[in-house]
Number of protein chains: 2
Amino acid sequence: MPTPLDSDDLLNALRDAGARITKPRRIIIQILADKGDEHPDAMDIFRRAVRQDSRISLPTVYRTLKMLEEHGAIQRHAFVDGRSRYEPADGPHHDHLIDMDTGAVIEFQSEKIERLQEEIARELGYEIVHHRLELYGRKTKV
Amino acid sequence: MPTPLDSDDLLNALRDAGARITKPRRIIIQILADKGDEHPDAMDIFRRAVRQDSRISLPTVYRTLKMLEEHGAIQRHAFVDGRSRYEPADGPHHDHLIDMDTGAVIEFQSEKIERLQEEIARELGYEIVHHRLELYGRKTKV
DNA sequence: TATGTAAATGCAAATTATTTGCAATAAGGA
DNA sequence: TCCTTATTGCAAATAATTTGCATTTACATA
Ligand SMILES: [Mn+2]
Ligand SMILES: [Mn+2]
Ligand SMILES: [Zn+2]
Ligand SMILES: [Zn+2]
């Protein structure tokens, strides 16, 4: 669903923030932009990063992720399994369906649900700043 | 919204599970059933428990909560702040709106949203086992 | 009511994901 | 190329929750 976003966009987010483009950051960003594996957690990213440069450290992965998140370049999701998972904050808003058997994360969007949420909040006298909607399920048997 | 549920119902949940009704459990359950403070976290419960019996321990609070959760007597929610919060699993299903300024937790239910979720999952070939819907917002200015 | 046994407890230590202090390194403007 | 300062890697700190183990307690039975 999300519109394409490549390494360069994430690198620019850092540059705009006046941050230095270091080798570790370049590698981490490249991994985040990879459409191959989506919603990786910090350890996933670390393991892949080490393959490109064995002296990268886990704290640097966390620090880079936090920095990118603070600049709105990536989003962090905390699903029920504990760890945080990350994804480039490009395309339009979407929510997630998690396959309880495989751990696969499927994205979806529902204008209707979004609208209903706003409506409910308004009725309660609130304005939504952000929300979290996660469906946990299993593939329907044929 | 939830239908009233008192200490006895929770105590019975333990009895049914063949568990012993100990003093710490009695106290913890009484705190959970208290309509006064809803969605307390483990530390909230521990602090209140200690007032009734100073030798209660935090591990016992956690162990009791886990046991009650496993037997479906209480529900655990992990909101964005990290800690888990608990509530008796009595009344009908509901979701939560969290006041970002005060931390207050407001309950709501939406048949429409629940139905839309099912629909979305079905279209994706899934059956929902459980879900998490949390709205984070601020009171609308008058 | 007294008693034996397994379940439950309290304490201290372990766990897990993430963060932080600090000395060494490296990015990038001058 | 050089200088300054941000960034790094490492080790140690956090914070919430869990676990090992010796001691206590609930409660079924006598
Ligand atoms: Mn996503
Ligand atoms: Mn609730
Ligand atoms: Zn949404
Ligand atoms: Zn719901």
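Since this is a predicted model, take the numbers as computed values, not measurements. The sequence lines fix the lettering, A, B, ..., with proteins before strands; numbering per chain opens at 1.
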*Would you name the heavy atoms of A:I27 and A:I56 that are closest together and state the gap between them?*
CD1-CD1, 3.9 Å
*What integer distance in Å separates A:M67:CE from D:dT8:P?*
9 Å
*Is the shortest heavy-atom distance from the side chain of B:L135 to the side chain of B:I98 under 4.5 Å?*
no
*Partner residues of B:D16 under the side chain to side chain contact (heavy atoms under 4.5 Å, CB included) criterion, sequence neighbours left out*: none
*State, to 0.1 Å, how close A:I120 and B:S110 come at their nearest heavy-atom pair, and which atoms those are.*
CD1-CB, 3.6 Å
*Please state how far atom CD1 in A:I28 lies from atom C1' in D:dT8, giving the value in whole angstrom units.*
11 Å
*Interatomic distance where CG belongs to A:L68 and C1' belongs to D:dT7 [whole Å]*: 14 Å
*the helix from C:dT1-D:dA30 to C:dA30-D:dT1: angle between its terminal axes, five pairs each, to 10°?*
30°
_Tell me the interatomic distance from B:I27, atom CD1, to D:dA26, atom C1', rounded to whole angstroms._
15 Å
*Scan nucleotides 16-28 of chain C nucleotide by nucleotide, 5' to 3', and note B when protein non-hydrogen atoms come under 4.0 Å of the base, S if they reach only the sugar-phosphate, - if neither.*
-SSBBB-----BS
*Starting from C1' on D:dC27, measure out to CG on B:L14 and report it in whole angstrom.*
15 Å
*Check: B:Y126/A:D99 side-chain N/O donor and acceptor closer than 3.5 Å*: yes
_Residue pairs, two or more places apart or on separate chains, that pass salt bridge (charged side-chain N to carboxylate O under 4.0 Å, His left out) and touch residues 53-66 of chain A_ = A:K23-A:D53, A:D53-A:R55
*Partners meeting salt bridge (Lys or Arg N to Asp or Glu O under 4.0 Å) with A:R25 (sequence neighbours left out)*: none
*Residues two or more places apart in sequence or in another chain: which of them pass side chain to side chain donor-acceptor pair (under 3.5 Å) with B:H130?*
none
*Which whole-number value in Å describes the distance from B:F46 CZ to D:dT18 P?*
15 Å
_What is the distance, to the nearest angstrom, from the CD atom on B:E70 to the C1' atom on D:dT18?_
12 Å
